[in-house]
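Here is the structure we will look at, set down as C-alpha coordinates.
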Amino acid sequence: MRRLFLLSTANAKNVVKRHYTSLDAETSANSSAQSTTHFGYKEVPVEEKASMVASVFHSVADNYDIMNDVLSMGTHRLWKNSFVSMAGPQ
(Lines give C-alpha, C1' and ligand atoms only; values in the text may rest on other atoms or scores of the structure.)
Protein backbone atom coordinates (compact mmCIF):
# COMPACT_ATOMS: atom_id res chain seq x y z
CA MET A 1 0.00 0.00 0.00
CA ARG A 2 2.84 2.39 0.88
CA ARG A 3 4.44 1.76 -2.52
CA LEU A 4 1.15 2.55 -4.27
CA PHE A 5 0.86 5.76 -2.23
CA LEU A 6 4.41 6.79 -3.14
CA LEU A 7 3.82 6.03 -6.82
CA SER A 8 0.58 8.05 -6.81
CA THR A 9 2.27 10.99 -5.10
CA ALA A 10 5.20 10.86 -7.52
CA ASN A 11 2.84 10.72 -10.51
CA ALA A 12 0.86 13.73 -9.25
CA LYS A 13 4.08 15.71 -8.75
CA ASN A 14 5.24 14.81 -12.26
CA VAL A 15 1.95 15.95 -13.79
CA VAL A 16 2.20 19.32 -12.06
CA LYS A 17 5.90 19.68 -12.91
CA ARG A 18 5.26 18.93 -16.61
CA HIS A 19 2.39 21.39 -16.64
CA TYR A 20 4.45 24.21 -15.14
CA THR A 21 7.33 23.46 -17.52
CA SER A 22 5.01 23.65 -20.53
CA LEU A 23 3.65 26.97 -19.30
CA ASP A 24 7.14 28.54 -19.13
CA ALA A 25 7.16 29.17 -22.88
CA GLU A 26 3.67 30.70 -22.78
CA THR A 27 4.42 33.10 -19.94
CA SER A 28 7.77 34.23 -21.29
CA ALA A 29 6.21 34.93 -24.70
CA ASN A 30 3.57 37.11 -23.04
CA SER A 31 5.86 38.90 -20.59
CA SER A 32 4.96 42.29 -22.06
CA ALA A 33 1.64 42.29 -20.16
CA GLN A 34 1.50 45.02 -17.52
CA SER A 35 -0.73 43.46 -14.84
CA THR A 36 0.61 40.24 -13.31
CA THR A 37 -0.34 37.86 -10.53
CA HIS A 38 1.12 34.78 -8.87
CA PHE A 39 0.61 31.30 -10.29
CA GLY A 40 2.59 28.81 -8.29
CA TYR A 41 6.11 30.15 -8.17
CA LYS A 42 5.74 32.38 -11.21
CA GLU A 43 4.41 35.80 -12.12
CA VAL A 44 1.86 35.53 -14.93
CA PRO A 45 -0.42 37.98 -16.74
CA VAL A 46 -3.74 38.35 -14.92
CA GLU A 47 -5.66 37.64 -18.13
CA GLU A 48 -4.05 34.20 -18.47
CA LYS A 49 -4.33 32.93 -14.90
CA ALA A 50 -7.87 31.55 -15.18
CA SER A 51 -7.00 29.44 -18.21
CA MET A 52 -3.83 28.21 -16.49
CA VAL A 53 -5.77 27.17 -13.38
CA ALA A 54 -8.33 25.40 -15.57
CA SER A 55 -5.52 23.59 -17.38
CA VAL A 56 -4.04 22.31 -14.11
CA PHE A 57 -7.49 21.21 -12.93
CA HIS A 58 -8.22 19.33 -16.15
CA SER A 59 -4.81 17.63 -16.05
CA VAL A 60 -5.54 16.04 -12.63
CA ALA A 61 -9.34 15.68 -12.75
CA ASP A 62 -9.31 12.16 -14.22
CA ASN A 63 -7.16 10.84 -11.38
CA TYR A 64 -8.67 12.88 -8.54
CA ASP A 65 -10.91 10.13 -7.11
CA ILE A 66 -8.11 7.57 -7.37
CA MET A 67 -5.74 9.88 -5.50
CA ASN A 68 -8.42 10.46 -2.83
CA ASP A 69 -8.90 6.69 -2.46
CA VAL A 70 -5.18 6.10 -2.06
CA LEU A 71 -4.41 9.06 0.19
CA SER A 72 -7.40 8.57 2.51
CA MET A 73 -7.38 4.76 2.24
CA GLY A 74 -11.03 4.92 1.21
CA THR A 75 -12.17 7.04 4.15
CA HIS A 76 -13.31 9.91 1.92
CA ARG A 77 -16.00 7.64 0.43
CA LEU A 78 -17.39 6.98 3.92
CA TRP A 79 -17.41 10.73 4.61
CA LYS A 80 -19.20 11.44 1.33
CA ASN A 81 -21.81 8.74 1.96
CA SER A 82 -22.38 10.01 5.50
CA PHE A 83 -22.76 13.60 4.31
CA VAL A 84 -25.21 12.65 1.57
CA SER A 85 -27.27 10.63 4.08
CA MET A 86 -27.35 13.58 6.49
CA ALA A 87 -28.28 16.02 3.72
CA GLY A 88 -31.22 13.82 2.74
CA PRO A 89 -31.49 14.64 -0.97
CA GLN A 90 -34.95 14.13 -2.42
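Remark: H58 pairs with no residue by the side chain to side chain donor-acceptor pair (under 3.5 Å) rule, at least two apart or across chains. For T37, there are no side chain to side chain donor-acceptor pair (under 3.5 Å) partners, not counting sequence neighbours.
Atom-to-atom distance recorded for S51:OG and F39:CZ is 8.5 Å, nearest 0.5 angstrom.
Applying the salt bridge (Lys or Arg N to Asp or Glu O under 4.0 Å) test to every pair with at least one member in residues 70-90, sequence neighbours left out, gives these pairs: D69-R77. Sorted by first then second residue, the salt bridge (Lys or Arg N to Asp or Glu O under 4.0 Å) pairs that include residues 51-68, not counting sequence neighbours, number zero.
Contact detail for K49 and H38: the closest heavy-atom pair is NZ-O, 3.0 Å.
The main-chain N or O of N68 is found under 3.5 Å from a side-chain atom of S72 such that the two form a donor-acceptor pair. Between the S85 side chain and the N81 main chain, a donor and an acceptor come within less than 3.5 Å of each other. Using modelled atom types, no side-chain atom of S82 and backbone atom of W79 make a donor-acceptor pair closer than 3.5 Å.
Note: the hydrophobic cluster containing V53 also contains V44 (ILVMFWY, side chain heavy atoms under 4.5 Å, direct or indirect links).
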